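This is a predicted model, so every value here is computed, not measured. Quick note on labels: first sequence line is chain A, next is B, and so on, each numbered from 1. All values below come from the heavy atoms of this structure, side chains included, with hydrogens, waters and symmetry mates left out.
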Amino acid sequence: MREMDKAFDFKTAQARWYERWELAKVFEAKPESGKQPWSIVIPPPNITGSLHMGHALVYTLHDILTRFKRAGGFDALWVPGVDHAGIATQVVVERQLKAEGKTRHDLTREQFLEKIWNWKAQKQDDIENQLRRMGASVDWSRKRFTMDPDLNRAVRRVFVESFSKGRIYKGPRMIQWDPVSQTALSDLEVSYVEKQGKLWHIRYPLSDGAGHVVVATTRPETMLGDTGVAVHPGDERYKDLLGKKLRLPLTDRLIPVVADDFVDPQFGTGCVKLTPAHDPNDLAAAKRLNLESITVIGFDAKMTANAGTKYKGLDRFEARKRVIEDLESLGLIEKIEDYTHQVSVSQRSGAPLEPLVSTQWFMDVKDAAKASLEAVKSGKIKFTPQHWENVWEHWLNNIQDWCISRQLVWGHRIPAWTCDSCEKLHVEMEAPSKCAACGHTALTQDQDTLDTWFSSALWPFSVFGWPEKTEDLKRYYPTNVLITSYDILFFWVARMVMAGLTWMNEVPFKAVYFNSLVRDEHGQKMSKTKGNVVDPIQSMDDFGTDALRFSLAIMAAPGTDISISKSRLEASRNFCNKLWNAARFVQMNLTENVTLDIAPEFGEAEYWMTGRIRECLADAARAIEQFRFHEAAETLYHLVWDDFCSTYIELAKVNLQNGSTEQKAAILRFLDILLRALHPFVPFVTEEIHEAVMNGRLPSGEPSLLAERSWPENDPILKIEGGNSALIPKFQEALSNILRLKAGNSIDPARRVPALCNLPELSPFSEAFKSLAKLESMNFQTGDLTSPTRAIAVIEGGLVALELAGVKDPALEKAKLEKERDKLTQEIQSLKARLNNPDFLSKAAQKAIEAQQQLASEKEAKLNVVLGVLGGGRHEQ
RNA sequence: GGACGCGUAGCUCAGUCUGGUUAGAGCGCUACCUUGACACGGUAGAGGUCGUUGGUUCGACUCCAAUCGCGUCCACCA
């Protein structure tokens with residue numbers, strides 16, 4: 001039997017245990033076990049990232065669920081993996097190249113890819129080790145990467161079939177173009193930042209010389225591509241201008257004045273310049289009005305030849321300056337206003353985007369969106385918190401075709417080939433050896449790759465080997481729950497549901513839990529610029545993984561943000577230490593013959609403790625099932641600290657030190673149950689204790705690793721009922737009143753005084769009273785205890801007293817009792833008022849009425865006792 | 001413009017869905033205690049008219065409405 005240290009040393013425990021678990025393959029799914037499957041897939045972290053608090057939270061919750069289910073008798077599977085993170089990764093590696101003074105164009109596609117693959121291998125290792133540090137009980141034998149060959153096959157399959165069904169198509173459309181990363185983006189990857197800018201009012205002269213119209217714009221350089229000016233059809237001011245031509249300044253073009261409903265006559269001058277090539281609204285209007293589209297800004301964000309020789313080749317922002325200067329010198333600027341407007345930028349690169357018409361691949365997701373909407377409406381997928389269903393509905397109802405092609409090297413290459421000879425497009429699983437149309441053997445594969453989220457969408461079934469009909473797929477799909485953060489509701493969750501319904505004909509998960517945002521100790525969003533980032537790695541180094549996990553879990557109330565702070569981490573560390581020391585105390589008092597299979601001997605304390613455990617385990621299990629992790633953690637926290645440590649161990653100290661083997665066996669059993677219950681939350685400290693205490697005491701056939709043992713709710717010891725459940729709370733009340741009397745009368749806690757109580761049922765605890773309150777004696781006698789030499793306190797159903805000849809402060813005691821009398825009187829008054837109210841009696845539930853009556857009579861009884869003591873007179877018990 | 005979340009103790013947060021005792025926790029604070037599991041501990045305390053105003057109800061922190069303050073998302077304004 002190893003001596004336990006005075007404090008839990010998490011540093012050595014952590015690495016040791018993860019290795020042991022992994023070696024024993026505790027976390028590997030066991031399809032052949034005959035157990036019911038339970039599965040969850042990790043939201044694959046980007047290979048660009050390193051562990052932050054958001055991950056730490058998600059992994060903690062995943063792991064609590066997975067370990068809980070594993071212990072609950074399920075064949076629990078948590079699939080780990082990482083995401084290739086297309087743009088993000090390429091941006092990072094290109095930045096590295098830049099540091100070496102190179103660009104990606106100095107390398108061939110293959111060389112560049114090789115560089116990224118090497119980088120990926122390193123990062124993947126890092127991420128996997130971080131998962132291990134978190135204690136994540138993932139099945140490493142099933143780990144996946146979104147660009148694994150199997151997953152690539154799934155991607156190609158979806159692409160090819162979608163194409164053949166017409167759901168994927170290629171064509172020119174307006175997209176958001178990132179001129180820095182040189183790629184198209186989907187609408188979701190665009191964010192809008194507020195910018196202080198100007199609103200330029202520009203005069204466009206009428207071609208007939210009869211004046212001008214004024215248009216307002218935030219982007220003057222686009223005027224070079226204007227092909228019309230629109231006014232509202234009902235706008236009287238411009239009625240006469242309809243159909244007339246304007247001379248577009250700085251060009252030699254004539255453009256028409258046209259009418260369209262989308263114009264707001266109230267805004268600006270009520271005239272809108274139309275630049276169909278560089279604005280989605282203008283493009284839509286131009287289509288309605290049959291206006292042509294002139295591209296004046298190219299993919300490099302420089303002005304094209306269409307912009308005129310004077311501006312051609314200028315960067316768009318440089319061109320803006322020049323256009324304004326030129327207009328000013330022509331006297332065509334009517335006015336310039338300060339104006340705050342939203343500028344679209346790439347979420348990844350931060351570059352200002354350019355709306356451009358470009359030929360890209362798109363996916364029509366309308367049918368899938370409808371089915372996904374239905375899946376949530378019908379309850380096939382349940383959201384926690386539920387209010388995200390509104391957001392879900394709104395987005396899916398307004399969904400647009402998804403631009404899936406990216407002009408990146410890193411990603412799943414689009415399986416499309418064009419015949420070099422006849423230019424026929426072939427979309428196939430494998431490269432065609434020759435063109436099916438003309439027989440030509442030279443074909444060129446599309447250069448583009450797919451949006452990262454394309455492969456992420458397939459994750460819940462691609463990880464199981466789809467499109468092959470694998471055993472894993474059959475067994476573990478659909479998964480039971482998805483835990484992720486709400487900021488990828490559309491990016492990922494929606495697309496997984498759409499893909500799952502389309503390709504598996506079944507939802508990918510039955511529940512979605514949206515985890516909270518982790519903020520700093522003042523509820524501020526963490527950011528590098530603010531410098532308030534709490535690093536999970538640092539937290540684990542300082543306080544231990546268990547402390548980090550427990551802190552996150554106990555704060556994880558659904559739908560609310562989490563504030564992580566040093567003091568919270570300390571509190572959790574202290575909790576782990578408390579558990580450790582309780583175990584240490586138990587362990588140091590156990591002889592070797594005390595084992596878990598010895599039938600325990602029960603006294604009142606054991607009956608009570610059993611009841612508490614039973615209740616708390618049921619509460620905790622229910623809370624976990626409902627994703628109320630904070631409730632589960634808090635329940636167990638108080639079970640350990642208040643019930644087990646403060647109450648039970650104190651009562652059982654005598655037994656623990658001098659009791660029988662059977663009495664000690666009961667204590668051991670309780671500790672064992674607590675370890676099993678806490679293990680999903682704090683796996684390391686519990687496993688470490690388990691080894692130190694249970695080694696050699698486990699029944700034969702019981703796994704020696706705590707990680708393999710069962711959730712304790714069905715432990716036979718918990719079936720034992722009996723005893724008087726009210727006794728221990730009564731004892732606690734009596735004890736704390738005695739302590740209060742000592743403190744209130746300024747008695748040195750160490751000074752032993754005689755005490756009395758008139759509740760004989762508490763007499764079995766007289767030793768406990770004496771040792772816990774440092775009493776000289778504890779006597780029980782019925783009837784009145786009042787006496788001028790005694791300090792008295794009223795408890796439920798009776799009195800406690802301290803013999804304090806000469807020390808007692810009668811005035812103080814009187815004041816205290818009077819205060820209690822007044823409070824009780826007031827409470828009784830309000831209860832009586834309620835109970836005398838005919839409306840209450842006729843309308844309230846019978847149960848509520850009875851509860852109030854019961855309460856009133858309890859308070860009255862107590863008041864009587866207080867009055868009796870105050871009267872100093874005789875008092876019938 | 002549309003939708004959603006939050007406002008409870010000095011701080012950070014539970015509780016509100018499902019109305020009914022004296023509204024809880026952790027940290028912090030005050031006093032005392034180094035007692036053989038634990039000072040990462042123990043005991044006793046102080047501290048809240050639950051943002052505001054109305055309404056519903058026998059009864060509101062809880063339900064409804066309005067309002068103020070903070071935050072988020074979606075759409076869009078040339």
Side-chain angles (χ1 to χ4, degrees), chain A residues 4 6-8 192 199 215-219 222 230 262-264 266-275 279 281-282 339 341-342 385-388 390-391 393-395 398 486-487 489-490 517 519-523 525 543 547 551 554-555 557 559-568 570-589 628 630-631 634 637-638 645-646 649 653 656-657 736 739-744 746 748-750 771-774 823 827 831 833-834 837-845 847-849 851-852 854-856 858-859:
Chain A
M4 290 171 74
K6 200 169 169 180
F8 170 52
Y192 293 86
L199 188 62
V215 297
T217 181
T218 53
R219 301 194 56 197
T222 62
F262 93 102
V263 181
D264 174 7
Q266 308 301 323
F267 188 91
T269 59
C271 298
V272 182
K273 63 188 271 306
L274 295 177
T275 321
D279 184 282
N281 285 321
D282 292 3
Y339 191 69
H341 63 125
Q342 310 265 338
Q386 209 185 343
H387 66 253
W388 288 107
N390 297 332
V391 184
E393 200 178 319
H394 182 255
W395 190 70
N398 294 289
Y486 55 78
D487 51 6
L489 175 63
F490 308 137
L517 221 60
R519 296 169 174 274
D520 78 354
E521 59 187 315
H522 299 296
K525 207 168 174 171
F543 302 100
S551 297
I554 205 165
M555 300 285 294
T560 62
D561 293 338
I562 291 176
S563 294
I564 194 86
S565 62
K566 192 170 167 242
S567 70
R568 174 60 70 177
E570 274 169 1
S572 300
R573 178 205 57 193
N574 295 354
F575 171 66
C576 293
N577 194 55
K578 186 76 180 175
L579 179 64
W580 173 266
N581 270 290
R584 174 170 172 252
F585 185 45
V586 171
Q587 190 243 23
M588 60 201 257
N589 284 292
R628 303 184 66 80
H630 66 303
E631 262 178 34
E634 197 170 317
Y637 179 96
H638 291 294
C645 295
S646 300
I649 287 191
K653 254 178 184 165
L656 189 55
Q657 280 155 346
S736 72
L739 287 165
R740 212 171 291 152
L741 285 177
K742 276 185 99 168
S746 304
D748 186 328
S771 87
L772 295 174
K774 294 264 178 297
K823 198 176 156 211
E827 280 167 8
L831 282 168
R834 193 172 302 166
N837 182 342
D839 281 329
F840 176 66
L841 293 174
S842 61
K843 290 178 185 170
K847 236 172 80 184
I849 296 172
Q852 306 275 304
Q854 162 94 17
L855 192 63
E858 277 168 13
K859 289 197 184 293

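The side chain of A:H630 contributes an N or O atom lying less than 4.0 Å from OP1 or OP2 of B:G15. The side chain of A:K578 contributes an N or O atom lying less than 4.0 Å from OP1 or OP2 of B:G42. Phosphate contact (OP1/OP2 of B:C11, side-chain N/O of A:R568, threshold under 4.0 Å): absent.
No donor-acceptor pair closer than 3.5 Å links the side chain of A:N577 to the backbone N or O of A:R573.
Of the candidates B:A44, B:C27, B:A37, the closest approach to any side-chain atom of A:A743 belongs to B:A44. Distances from the side chain of A:K653 to the nucleotides B:A37, B:A14, B:C13 place B:A37 closest. Candidate nucleotides B:G45, B:C38, B:G71 were compared by shortest atom distance to the side chain of A:R584, and B:C38 ranks first. Proximity note for A:S736 (side chain, C-beta onward) versus B:A44, B:A37, B:C4: the nearest is B:A44. Residue A:H638 places its side chain closer to B:A25 than to any other of B:C58, B:A25, B:A44.
Nucleic acid contact for A:Y637: sugar-phosphate only, since backbone atoms but no base atoms lie under 4.0 Å from a heavy atom of the residue.
Atom name C1', nucleotides B:U22 and B:C61: the rounded distance is 15 Å, in whole Å.
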What's touching nucleotides 76-78 of chain B from the protein side, N or O pairs under 3.5 Å?
residue : atom : partner : partner atom : Å
B:C76   : O3'  : A:N281  : ND2          : 3.2
B:C77   : OP1  : A:N281  : ND2          : 2.0
B:A78   : OP2  : A:Y339  : OH           : 2.5
B:A78   : O3'  : A:T217  : OG1          : 3.2
B:A78   : N6   : A:D264  : O            : 2.5
B:A78   : N6   : A:F267  : O            : 2.7
B:A78   : N1   : A:D264  : N            : 3.2

**Pairing pattern in dot-bracket form [Watson-Crick, G-U; both distances under 3.5 Å; | = partner strand] for RNA chain B** = (((((((..((((......[...)))).(((((.......))))).....(((((..]....))))))))))))....
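No hydrogens or angles were tested; on distance alone, nothing pairs the side chain of A:K6 with the base of B:C38 as donor and acceptor under 3.5 Å.
From A:T560, atom OG1 reaches atom NE2 of A:H630 across 7.0 Å, with rounding to the nearest 0.5 Å. The CZ atom of A:R219 lies 9.5 Å from the NE2 atom of A:H341; values are rounded to the nearest 0.5 Å.
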